[in-house]
Amino acid sequence: MRSLAGFALFFAFVTASAGLAGAAERLKLATTTSTSNSGLLKYLHPVFEEKHGVKVDVIAVGTGQALRLGRNRDVDVVLVHARAAEDKFVAEGHGVNRRDVMYNDFIVAGPKKDPAGVRGMKDAVAAFKKVAGKKALWFSRGDDSGTHKMELRLWKAAGLGKPSGGWYRSLGQGMGNTLIAADEKGAYTLADRGTYIALTAKKKIGLEIAIEGDKKLFNPYGVIAVNPKKHPHVKYDLAMKYVNFLVSPEGQKLIGGFAMEGKVLFFPSAGGAGGN
């Protein structure tokens, strides 16, 4: 039975897509806000839709919520970035045919004044300890997204568990809104590089990169079809057309060619980084 939250989101995307021209078929995709905020999906989907005569209805939420929509049978396919949660989703029988699609990396964005003194540090865990020690303002997405899950792993590695206090604020927002809020208040935040580049290119934020380059900040994305054996009503054939498009030479070339101000936002990885 669909959850109330699932129905609310379902209604939201139906309303948002009401202006689209009628199509023979529609595919429902749940994905992370980073793929939407960066502009990647608006760049990719017209190619897929024209090729297959399909409209893709996008629900952009955190990875945790996207996977819950898959479990609740509210979508046909998910595109997310939290490998442990993805593997659990597949192991529980909710998803099939997971494929690596692309990757970028996480960065910590912060104010130019750098009140915690972490700019240029290469050890993300050490930098997190320093931010907490200085009680420098930190904005967390707090939305069970892949970015939020990574942030919590780093805080745990820093020996801080889940931080609390006036310096630490959990927003419950997507990546774009969190970066904009952090910029307005002079806070640090963990972000995927693609969304950060997209917002800086559009001059929506003035935050600078404080921390980057740590291998722990690797950020792979995977696409998973919802399992038709467990959820028979899903459009599995369409979902697999979408999966195959993303990992095809054409889809991978498009992903690698998506750039802003000369900066590539996502790097194709089908059959490459991370394995399936």
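As the structure is a computational prediction, the values presented were derived from the model and not from experiment. Side chains are part of it too, since the values below use all heavy atoms of this structure and drop only hydrogens, waters and symmetry mates.
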Review item, side-chain donor-acceptor pairs of residues 169-181, under 3.5 Å, at least two apart:
unit_1	atom_1	unit_2	atom_2	d
Q173	OE1	N177	ND2	3.1
T178	OG1	G174	O	2.8

Legend entry - E92: partners by salt bridge (charged side-chain N to carboxylate O under 4.0 Å, His left out), with sequence neighbours left out: R71, K88

Legend entry - For K149, all residues meeting salt bridge (charged side-chain N to carboxylate O under 4.0 Å, His left out), sequence neighbours excluded: D144

Legend entry - Ring centers of F266, Y221 separated by less than 6.0 Å: yes

Inset, instruction - Look at D57 together with R26 and state whether they make a salt bridge at an N to O cut-off of under 4.0 Å. - result: yes

Inset, instruction - May I ask you to say whether R98 pairs ionically with D100, meaning some side-chain N is under 4.0 Å from a carboxylate O? - result: yes

Legend entry - Side-chain donor-acceptor contact under 3.5 Å, N219 with N104: yes

Inset, instruction - Could you tell me whether the side chains of N37 and S34 share a donor-acceptor contact shorter than 3.5 Å? - result: no

Inset, instruction - State, with a plain yes or no, whether a side-chain heavy atom of F128 is found less than 4.5 Å away from one of W138. - result: yes

Legend entry - D214 side chain reached by D123 side chain, heavy atoms, under 4.5 Å: yes

Legend entry - Residue pairs fulfilling salt bridge (charged side-chain N to carboxylate O under 4.0 Å, His left out) with at least one residue in residues 132-141, sequence neighbours excluded: R141-D143

Side-chain donor-acceptor contacts of residues 201-213 below 3.5 Å, not counting sequence neighbours, with atom names and distances?
unit_1	atom_1	unit_2	atom_2	d
E208	OE1	R119	NH2	3.3
E212	OE1	R193	NH1	3.1
E212	OE1	R193	NH2	2.8

Inset, instruction - Mind listing the closest non-hydrogen atom pair of V234 and V75 along with its distance? - result: CG1-O, 3.8 Å

Legend entry - Main-chain N/O of I197 paired with T200 side-chain donor or acceptor, under 3.5 Å: yes

Show which side-chain atoms of residues 236-247 pair as donor or acceptor with protein atoms under 3.5 Å away, not counting sequence neighbours.
unit_1	atom_1	unit_2	atom_2	d
Y236	OH	N97	ND2	2.8
Y242	OH	H45	NE2	2.8
N244	ND2	M240	O	3.0

Legend entry - Aromatic plane relationship, H94 with H231 - under 30° parallel, 30 to 60° tilted, over 60° perpendicular: parallel

Inset, instruction - Using the side-chain contact (heavy atoms from CB on, under 4.5 Å) rule, pick out the option among I224, V223, V78 that qualifies with E86. - result: I224

